[in-house]
Amino acid sequence: MQQTDTVGLAMQRGMTVAGMKGNGWGSTYDYWSPSRQYCVYHGSARILTEAAAASNLAYPNVGTKPLGQQTTDINFIEPYDSNTWTLRNIIDWVSQAFYSGLEAVAYDTYNWLYNSYRVGTKAVTRTSPYAYVIPAGQRDPQAVRDALEIFHRGAVEIRQARVAFTADGKQYPAGSYIIHLQQPYAAFAKTLLEVQSYPQLLQYPGGPPQRPYDTTAQTLPMLLGFEADLITTSFSADTELLSSIKPAVVTKPSAAPSSGAYAIGPESYGVFRIVAALQKENIPTFRAAAQFTDGGRTFPAGTFLVPPSSAARELLHTQSKNTGIPVSAIKSVPAVAGVQLKPGTKIGLLKPPDNMPSGWLMWTFDQYGVNYSVVEAGDYANLADTYDAIIMPDGVSKSSIVNGLSSTKYPPEWAWAFGVGTTGWNQLHDFVTGGGTLVTFGSGTATAQSLFSLPITSTLPSGSNSDFYCPGSLLSQEFDTDNPAAWGVPADNPVWFVSDDAYKLTSTSTYPVDVVAKYPDSGDQLKSGWLIGGEHLNGAVNGLSWTIGSGYVVTFGNEIGFRTWNRSEQRMLFNAAYYGPSKKLTAGQFQRLGK
């Protein structure tokens with residue numbers, strides 16, 4: 001941090017000497033989040049420079065008075081004194097900043113190298129805490145693998161135990177992962193594994209909060225859904241250093257008898273990679289709606305069952321090897337209610353221009369191999385024949401659907417995003433009431449409320465951030481894991497909240513409705529990050545599943561698909577999108593696997 005200040009001030013000094021005004025340094029960007037501050041968690045100074053834009057680079061920006069901030073402070077010494085700003089200014093200002101910073105480093109190489117050495121020395125000689133241990137055999141091997149891949153990509157050394165060992169009085173099985181905190185980039189792993197306690201930073205005593213540049217929590221065990229234990233004292237273990245991260249080792253399932261099936265638990269969010277592969281090969285796939293037992297083993301609600309066939313066994317074995325998610329063969333199909341996934345389930349994604357949440361979902365769906373496409377303006381006339389389920393992410397508003405882009409202002413290649421008018425708005429309504437599925441989250445839920453007059457009202461105070469503020473944190477949650485939307489989710493899985501909303505259900509008679517997820521009735525709602533006014537969340541509902549006409553709607557007040565970070569709760573998007581269009585089966589029908 002000191003080196004960042006040093007080079008930043010040198011850049012400012014060089015610009016002042018060159019007579020360039022209107023420059024500030026050491027502003028806007030904090031050092032909190034490792035998702036942005038990768039450099040500093042790896043022993044380096046991080047410099048970000050930005051210049052004021054010219055709206056059209058071919059022409060200058062011209063005002064009626066000097067442009068930009070005109071008040072001075074210690075970080076902004078001389079205001080810009082011209083009413084004109086051009087592309088030439090941008091190039092000159094940024095170039096001067098760069099060369100001034102480079103000059104400061106070039107003329108002081110000893111101290112820069114020595115300070116870099118000092119940072120590394122501190123990292124490798126720390127004595128406490130000693131390590132993090134990620135136990136083997138967790139409920140979600142995909143979550144563990146994803147976390148390990150993040151650390152490995154970040155040059156963190158990961159060791160795996162060859163035999164069982166004991167640390168801080170707890171026994172850990174062979175195969176457990178150890179991240180020692182006496183290594184150069186241990187801080188990167190530590191800050192991603194620990195609970196964040198963001199400071200109570202106010203603009204002035206008793207005033208509103210100082211807005212952080214980005215979010216305030218990034219605790220991977222909570223976001224992905226796995227366990228990691230902080231070990232405070234040294235211990236010994238027989239380990240090997242991993243040179244790559246591979247899926248957990250699984251065994252090929254034995255051939256299931258004709259009366260049985262192949263079973264895949266819902267505990268891992270990675271299971272939907274397998275579901276997508278089954279859908280692509282048109283292999284029938286079922287889900288049990290209740291817990292059952294087979295061969296002395298208990299399978300939870302939401303367990304996937306696949307009828308026995310050689311094609312199914314080979315595909316499941318391949319997918320199991322690639323993901324580390326185990327597949328079992330059960331002797332008999334239980335007599336419980338369940339569903340059969342609709343073959344080739346087609347998911348539509350509402351994506352207004354410049355909508356980042358939908359962009360992240362596209363990336364997720366592409367990684368998983370999901371059968372989806374962006375809903376285009378021309379699709380609204382026949383939504384029911386085009387899509388089985390539609391996802392409405394944060395940032396999708398009624399205006400973005402009805403008005404969209406203007407067909408008179410944008411060329412034909414933007415036709416997919418043209419406004420569909422009130423006719424299209426009503427067609428989306430009819431898609432659902434006629435039997436379609438809609439899944440919403442974040443501000444998309446307010447849009448669904450407008451579309452269907454949902455009987456919910458916000459529990460959060462309006463107005464000042466001093467009363468309620470949550471700029472990106474992990475909060476407590478209680479899930480009904482028997483609800484299809486929450487199958488496989490841990491009952492107390494934390495949820496991601498970033499300037500979102502929480503609700504009170506004002507009527508249970510308008511539509512049939514079930515509570516999927518809610519905030520605890522009392523207690524500390526914060527799990528990691530920063531929260532002001534958490535008492536306003538007490539008892540508030542978050543996830544709701546509705547029957548509207550013949551359709552199925554699932555709404556979440558929080559962002560269950562935030563940047564692909566919160567993957568443990570993101571599985572509810574998949575749960576709801578596949579469940580809605582599925583065929584509902586009685587216990588007898590399910591036992592016959594739909595036959």
Side-chain angles (χ1 to χ4, degrees), residues 266 286-291 300-302 336-342 345 347-348 350 383-384 387-392 425-442 444-459 477-489 491 495 501-519 521 539-558 560 569 571-590:
F286 299 77
R287 298 193 79 175
Q291 176 180 293
V336 297
V339 299
Q340 180 177 3
L341 271 59
K342 183 176 180 178
T345 303
I347 296 174
L350 293 176
L383 288 171
Y387 302 105
D388 299 306
I390 292 176
I391 294 177
M392 181 185 288
W425 178 252
N426 293 331
Q427 287 167 335
L428 180 59
H429 177 278
D430 294 343
F431 163 77
V432 173
T433 58
T437 293
L438 181 68
V439 187
T440 75
F441 62 86
T445 290
T447 305
Q449 181 183 18
S450 174
L451 184 61
F452 300 109
S453 299
L454 298 179
I456 53 177
T457 184
S458 176
T459 66
Q477 197 78 170
E478 297 173 351
F479 287 93
D480 177 5
T481 56
D482 289 326
N483 188 290
W487 281 341
V489 180
V495 297
D501 213 340
Y503 296 100
K504 175 183 179 182
L505 183 61
T506 58
S507 172
T508 57
S509 59
T510 306
Y511 303 111
V513 59
D514 292 308
V515 176
V516 179
K518 64 181 289 289
Y519 298 92
D521 292 335
V541 296
N542 182 25
L544 295 162
S545 61
W546 313 79
T547 300
I548 300 180
S550 300
Y552 176 67
V553 176
V554 179
T555 60
F556 285 90
N558 78 309
I560 62 173
E569 58 172 318
R571 86 185 74 198
M572 293 185 290
L573 284 173
F574 294 99
N575 277 339
Y578 284 116
Y579 176 81
S582 67
K583 182 180 179 181
K584 312 312 185 277
L585 304 175
T586 65
Q589 292 171 324
F590 186 79

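Numbers for residues simply follow the sequence, beginning at 1.
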Nearest 0.5 Å please: distance from the OH atom of Y503 over to the OG1 atom of T457.
9.0 Å
Rounded to the nearest 0.5 Å, how far apart are CD1 of I548 and OG of S550?
11.5 Å
Kindly give the heavy-atom pair with the smallest separation between F431 and T437, and that separation in Å.
CE2-O, 3.5 Å
When rounded to the nearest 0.5 Å, the distance separating CG of L383 from CG of D430 is 9.5 Å
Atom of H429, atom of L451 and distance for their closest heavy-atom approach:
CD2-O, 3.4 Å
How far apart are the C-alpha atoms of Y578 and V339, what are their side-chain angles, what is the distance that settles it, and do they pass the side chain to side chain contact (heavy atoms under 4.5 Å, CB included) test?
CA-CA 10 Å; Y578 284 116; V339 299; over 6 Å; no
Of all heavy-atom pairs between A576 and V439, which one has the smallest distance, and what is that distance?
CB-CG2, 3.7 Å
Before giving the answer on side-chain hydrogen bond (donor to acceptor under 3.5 Å, both in side chains), spell out for T440 and T445 the whole-Å C-alpha distance, their side-chain angles and the decisive distance to 0.1 Å.
CA-CA 5 Å; T440 75; T445 290; 2.9 Å; yes
Side chains of W487 and P300 in contact at under 4.5 Å (non-hydrogen atoms)
no
Within 45° cone and under 6.0 Å: K584 NZ/CZ vs Y579 ring
yes
Ring centres under 6.0 angstrom apart (F452, W546):
no
Using the rule given for side chain to side chain contact (heavy atoms under 4.5 Å, CB included), can you reason through V515 versus D480, listing the C-alpha separation, both sets of side-chain angles and the distance that settles it, and then say yes or no?
CA-CA 7 Å; V515 176; D480 177 5; over 6 Å; no
Apply side chain to side chain contact (heavy atoms under 4.5 Å, CB included) to M572 and F479, showing your working.
CA-CA 11 Å; M572 293 185 290; F479 287 93; 3.5 Å; yes
Which residue is it: E478, K518, Q477, E569? I am looking for the one with a side-chain hydrogen bond (donor to acceptor under 3.5 Å, both in side chains) to N542.
Q477
Interatomic spacing from CZ in F590 to CZ in R287 - rounded to 0.5 Å
10.0 Å
Given V553 and V432, is the side chain to side chain contact (heavy atoms under 4.5 Å, CB included) satisfied, shown in steps?
CA-CA 8 Å; V553 176; V432 173; 3.5 Å; yes
Working to the nearest 0.5 Å, report the span between CH2 of W425 and OG1 of T447.
6.0 Å
To check you understand the geometry: which heavy-atom pair defines the closest contact between T506 and I456, and what is its length?
OG1-N, 3.9 Å
What's the shortest heavy-atom distance between A540 and A502, and which atoms?
CB-CB, 3.8 Å
Tell me whether N483 contacts the main-chain N or O of V516 through its side chain, where contact means a donor paired with an acceptor under 3.5 Å.
no
Checking the side chain of Q340 only, and the main-chain atoms of L585 only, is there a donor and an acceptor separated by less than 3.5 Å?
no
Any donor-acceptor N/O pair, R571 side chain to P266 backbone, under 3.5 Å:
yes
What closest approach, in Å, do V554 and A485 show between heavy atoms, and which atom pair accounts for it?
CG1-CB, 4.3 Å
Interatomic spacing from CG in L438 to CD1 in I390 - rounded to 0.5 Å:
7.0 Å
Walk me through it: do D501 and S458 pass the test side-chain hydrogen bond (donor to acceptor under 3.5 Å, both in side chains)?
CA-CA 7 Å; D501 213 340; S458 176; 2.6 Å; yes
